[in-house]
Amino acid sequence: MTKFYRVGTQADLVRLAHARGWIEGVTGAEETDELFPVPYVDAGSSGMLPAASVQTAPSYRLRIPSAFVHGRNLSLFIEDGVYPGGFAHSYMPSTDWQWVSQTHVRYDLSSPQTVAQPAEMLGIVSHWGHFFVDALDRLLDREAVARSTHPLLIGDADYFKLKPALNEHGVVPQVAELMRYLRIPMDFARLTVLSKTANYAASDLLIATLPTIKPAISSAAMREVRRCAFQACGVEAGTHMSTIFVGRHDVKKRFLIGQSEFSDHLDKVHGGKTIFP
C-alpha cells in the first residue's frame, strides 16, 4: 500500500526513540573540534579552505521493535516517518520515492523481504570513504560487536559499481584489511547484504546512531585508528617519523595528476617514501 511518510533526521529518530522507550544506552558527549584554514591548489587555481568546526554528539544505542529497511539507501521506515540508517551522514534520498513536498514522500512498502531477528545496522563497507563516516564508529564499539552474534546489515555489494573489487562478503579489500588491523572481533560471515532493489521487514532492529552531526569522521574514531596504527608498527605516539606518501595507482577515477613528480620531489628534498597499498 502506498503511504505518505515524513522525512526526518537522525536527531528526529533519537527523539522518537526517547518517546517510545527504545534507547538502551548512550556513550560519548557533545564536543566541538575546530578545523584550521587549509591552503589548496586545484587545477591551477589556489586558495584557502575556510576554518570550520565539526560537532560531535552522543551515540545512542536503539532497539527498534519494528521497522522497514529501504535497500536503496538503508533508510528506516518507522511508523509514519523515514529516517537515515546506514547512510547516516550522507543521507541519500531514494529515486524510488515520490516527493509530495519538501518534508514528505509517498512510497509503497508492499511485499518486503524479511531479515533475521534481532539484526543490527552496520552501514556501508563496500566503499572506503563511506566506511569511515558511516560504519567505523559502530565497529569500534568492540565489546558490543564481540557480545553479539546476530547479523550485521550492510549495503548492496554493487552499490558503487565496485563489485569486481569486493571480497566474498561484499567488503572492499581496504576496509577488510583495516577491520583486521583494528582487531575488531567480528566474523565476516555475519555480514548480511541488503539489495538496493528490495525492502526489508525488520523486527527487533538494533542501531547505534553516529556521533558526528555533519559528514565527517569523528575525532574519537580517528584517534583510535591512529593508536592502533602506532601500536601495530611498534611506535609510540609523538615519536618523530619520516615522511610517507600514500599514492594511488591502477584506479579509473580520482587519480593524482603529477604523482610521479611529487613523489620524486619528496624523495629528493624530504627523504620521503612512497607506498602504494
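Side chains are part of it too, since the values below use all heavy atoms of this structure and drop only hydrogens, waters and symmetry mates.
Few gaps surround CD on Glu34; more than 12 heavy atoms of other groups in view lie less than 6.0 Å from it. For Ile257, the CD1 atom is loosely surrounded, since the number of other residues' heavy atoms within 6.0 Å does not exceed 12. With a 6.0 Å radius and a threshold of 12 heavy atoms from other residues, nucleotides or ligands, His270 has its NE2 atom above the threshold. Taking a 6.0 Å sphere around CZ of Phe36, one finds it holds 12 or fewer heavy atoms contributed by other residues, nucleotides or ligands.
Using a 4.5 Å heavy-atom threshold, the side chains of Leu178 and Phe131 count as touching. Using a 4.5 Å cut-off on side-chain heavy atoms (C-beta onward), Trp22 and Pro65 make contact. In this structure, the side chains of Leu74 and Ile124 come closer than 4.5 Å at one or more pairs of heavy atoms. In this structure, Trp97 and Ser75 have side chains that are in contact, with non-hydrogen atoms separated by less than 4.5 Å. Looking only at side-chain heavy atoms (C-beta outward), Val171 and Phe188 come within less than 4.5 Å of each other. The closest side-chain heavy-atom distance from Leu76 to Met121 is below 4.5 Å. In this structure the side chain of His70 never reaches within 4.5 angstrom of the side chain of Leu194, judged on heavy atoms. In this structure, Met179 and Leu139 have side chains that are in contact, with non-hydrogen atoms separated by less than 4.5 Å.
Residue Ser94 holds its OG atom at 8.5 Å from CG of Asn199, rounded to the nearest 0.5 Å. Distance check: Leu62 CG to Leu205 CG gives 9.0 Å after rounding to the nearest 0.5 Å. Taken to the nearest 0.5 Å, the CZ atom of Arg72 stands 8.0 Å off from the OG atom of Ser195. Atom CG of Leu182 and atom CD of Gln231 lie 10.5 Å apart (nearest 0.5 Å). Of the inter-residue distances, the one linking Met186 atom CE with Arg180 atom CZ reads 10.0 Å to the nearest 0.5 angstrom.
Ring orientation note: the planes of His127 and His130 are nearly perpendicular, at an angle over 60° on the 30°/60° scale.
No donor-acceptor distance shorter than 3.5 angstrom exists from the side chain of Arg138 to the backbone of Leu210, with no hydrogens or angles considered. Formation of a donor-acceptor pair under 3.5 Å by the Thr212 side chain with backbone atoms of Ile217 is not found in this model. In terms of modelled atom types and a separation under 3.5 Å, the side chain of Glu31 and the main chain of Gln55 share no donor-acceptor contact. Between the side chain of Asp12 and the main chain of Thr9, a donor-acceptor pair closer than 3.5 Å is present.
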Stepwise ring-ring contact (aromatic ring centres under 6.0 Å, His included) test for Trp99 and His104:
CA-CA 6 Å; Trp99 287 83; His104 286 76; 9.5 Å; no
Under 3.5 Å, which donor-acceptor pairs link side chains of residues 145-154 to any protein atom two or more places apart or in another chain?
from   : atom 1 : to     : atom 2 : distance (Å)
Ser148 : OG     : Ala144 : O      : 3.2
Ser148 : OG     : Arg190 : NH2    : 2.9
His150 : NE2    : Glu120 : OE1    : 3.1

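There is a side-chain donor-acceptor pair under 3.5 Å between Ser218 and Asp137.
A salt bridge is absent between Glu79 and Lys3; no separation between the charged side-chain nitrogens and carboxylate oxygens falls under 4.0 Å. Here Arg63 pairs with Asp204 in a salt bridge; the nearest charged N to carboxylate O distance falls below 4.0 Å.
Under the ring pair (Phe, Tyr, Trp, His ring centres under 6.0 Å) rule, Phe77 has a single partner from Tyr83, Tyr107, Tyr200, which is Tyr107.
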